[in-house]
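These figures come from a predicted structure and were not determined experimentally. Letters A, B, ... mirror the listed sequences (proteins, then strands); counts begin at 1.
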Amino acid sequence: MTVTPSIVAIVMASGAIAGCLGALLGLGGGVFLVPFLNAWFGLDFKTAAAISLVTVIATSSAVSAGTAGRNLINLRLGMLLEVASAAGGVAAGITVARLSDITLERGFAVVAALIAILMLTRLERRNVIVGGRIDPGPLGGRFHDEESGGEVAYRVRRLPVALGVSFLAGNVSAAFGIGGGILKVPVLTAWCGVPMRVSAATSSLMIGVTAVASVPIQYANGYINPPLAAAAVLGVLVGSRGGLWFGARARAKWLKLLMAIVLILVSIIYLRRTL
Amino acid sequence: MIEDDSPSLGRLEIRLGYVLVTGVIASAVLLAAGLGLWLWGSHMTEAAWLLNAGLIVLMATPILRVIVSFGEYVVMRQWFFVGVTVIVLLELTVTVLVALSRRG
């Protein structure tokens, strides 16, 4: 398609909305941007996914720069899981050119539906241990929780599960243009003992490296239109500022519920398109 | 042991924050300038150069974050995490090499 100033403006506005919601949920925002650019706007799936993945890098850097210094980002756990997520990103980045758009769209519907179910079944779970007396171990941590007002300590459990889901998230990220946080955050929260806010902050940092593990390949493949990518990135940067401001005032349960509703909507849109 | 190294991890977190915010601002300025020139319709060569430079700075920022982490873990003598960081850097090197081979 010919890129006109009005198309640039629309892409920038959709980037702003996606960035705001993404920062609010600890995701890259791609889960909103990909369906918008692809299903609504008519870009082919690989182009939409590649542009979205570029914005994931921007969201990751911007959101993490904002959260840095609050002890919410678990740097050691993040780096360890990046070994798996980057491997997934490289693998999918190399193979995605061989997959058809319809296959990718079906996959997108399935992934979104699975995650929505996962979130809804675990809405009431909390694994935050208030008191700060437990030994967090080499990968755990402690932070000041604004919601309860106390110091919270946590241990990381089931590390192989966290590594496995990170590898899967890396593949999903590169193939579908999303951050991969929508897979990692629920699993880290539900099974690995990592509190919601720490999972979200650590995932936000990780998705930048995960995306960079495949974006250069997609850039070389010609899937990234520079003016549209620039418009989307600038929109996302403005939007994620808003989301960050909002996020500091939102409650964890409300965040989970909102996350699940959004995923169900995205999944329905894609199931209707491909069935 | 955990109590001892959390201040240095906190310092690393703040330092990485600076790396990320610098990278984001630099790429946003390049992308905004490139997009502005591109919309203006003249100087298309310069516009394309600025847009591509902005995208490259954006992609380089998380890689730089991993490199800075590597340096900090060496200073902290946390060899396990030095090794982990090296593996991540090797993976990103594979990506960049594949991208360069497809472009060339």
Student: Could you tell me which portion of A:L80 (side chain, backbone, both or neither) has an atom closer than 4.5 angstrom to a non-hydrogen atom of chain B?
Tutor: both

Student: Taking all non-hydrogen atoms of both residues into account, name the closest pair between A:I224 and A:P226 and its distance.
Tutor: O-CD, 3.3 Å

Student: When only pairs under 4.5 Å are counted, which of A:A230, A:P227, A:A86 shares the most heavy-atom pairs with chain B?
Tutor: A:P227

Student: For the CG atom of A:L81 and the CE atom of A:M79, what is their distance to the nearest 0.5 Å?
Tutor: 11.0 Å

Student: Counting only non-hydrogen atoms closer than 4.5 Å, does B:V21 touch chain A with its backbone (N, CA, C, O), its side chain (CB onward), both, or neither?
Tutor: both

Student: Between B:L39, B:I87, B:I14, who has the most heavy-atom pairs with chain A when the cutoff is under 4.5 Å?
Tutor: B:L39

Student: Which bit of A:L139 is near chain B, if near means a heavy-atom gap under 4.5 Å: side chain, backbone, both or neither?
Tutor: side chain

Student: Give, as side chain, backbone, both or neither, the part of A:I217 having an atom under 4.5 angstrom from any heavy atom of chain B.
Tutor: both

Student: Contact part of B:R15 toward chain A, heavy-atom cut-off under 4.5 Å: side chain, backbone, both or neither?
Tutor: neither

Student: If I measure from the heavy atoms of chain B, does A:L205 come under 4.5 Å with its side chain, its backbone, both, or neither?
Tutor: both

Student: Look up atom CH2 in B:W49 and atom CG in B:L37, then write down how far apart they are to the nearest 0.5 Å.
Tutor: 11.5 Å

Student: Please rank A:P5, A:S60, A:P216 by heavy-atom pairs under 4.5 Å with chain B and give me the top one.
Tutor: A:P216

Student: Among A:I73, A:V233, A:T4, A:L237, which residue has the highest count of heavy-atom pairs closer than 4.5 Å to chain B?
Tutor: A:I73

Student: For each of B:L12, B:N52, B:L16, tally heavy-atom pairs with chain A at distances under 4.5 Å, and name the one with the top tally.
Tutor: B:N52

Student: For the interface with chain B, which of A:V90, A:V209, A:V54 has the highest count of heavy-atom pairs at distances below 4.5 Å?
Tutor: A:V209

Student: Could you look at A:V83 and say if it's the side chain, the backbone, both or neither that has a heavy atom under 4.5 Å from chain B?
Tutor: both

Student: How long is the straight-line distance from CG of A:L43 back to CD1 of A:I51, given to the nearest 0.5 Å?
Tutor: 5.5 Å

Student: Shortest non-hydrogen contact from A:G180 to A:A169?
Tutor: O-CB, 3.6 Å

Student: Over all heavy atoms of both residues, which pair between B:L89 and B:T93 is shortest? Give the atoms and the distance, please.
Tutor: O-OG1, 2.7 Å

Student: Below 4.5 Å from any heavy atom of chain B, which atoms of A:V8 appear? Answer side chain, backbone, both or neither.
Tutor: side chain

Student: Under 4.5 Å from any heavy atom of chain B, what part of A:A231 do you find: side chain, backbone, both or neither?
Tutor: both

Student: Compare every heavy atom of A:S64 with every heavy atom of B:L20, then report the nearest pair and how far apart it is.
Tutor: CD1-CB, 3.5 Å

Student: Where do A:L188 and A:S199 come nearest, in terms of heavy atoms and distance?
Tutor: CB-OG, 3.7 Å

Student: Side chain, backbone, both or neither: which part of B:F80 has a non-hydrogen atom closer than 4.5 Å to chain A?
Tutor: side chain

Student: Any donor-acceptor pair under 3.5 Å linking the side-chain atoms of A:S166 with those of A:S85?
Tutor: no

Student: Report the option among A:G93, A:A87, A:A229, A:G141 that has the most heavy-atom pairs separated by less than 4.5 Å from atoms of chain B.
Tutor: A:A87

Student: Verify, without hydrogens or angle tests, whether A:S14 (side chain) and A:V11 (backbone) share a donor-acceptor contact under 3.5 angstrom.
Tutor: yes

Student: Measure distances from B:T61 to the heavy atoms of chain A and classify the residue's part below 4.5 Å as side chain, backbone, both or neither.
Tutor: side chain

Student: Show the nearest heavy-atom pair for residues B:L58 and A:I57, with the distance to one decimal.
Tutor: O-CG2, 3.4 Å

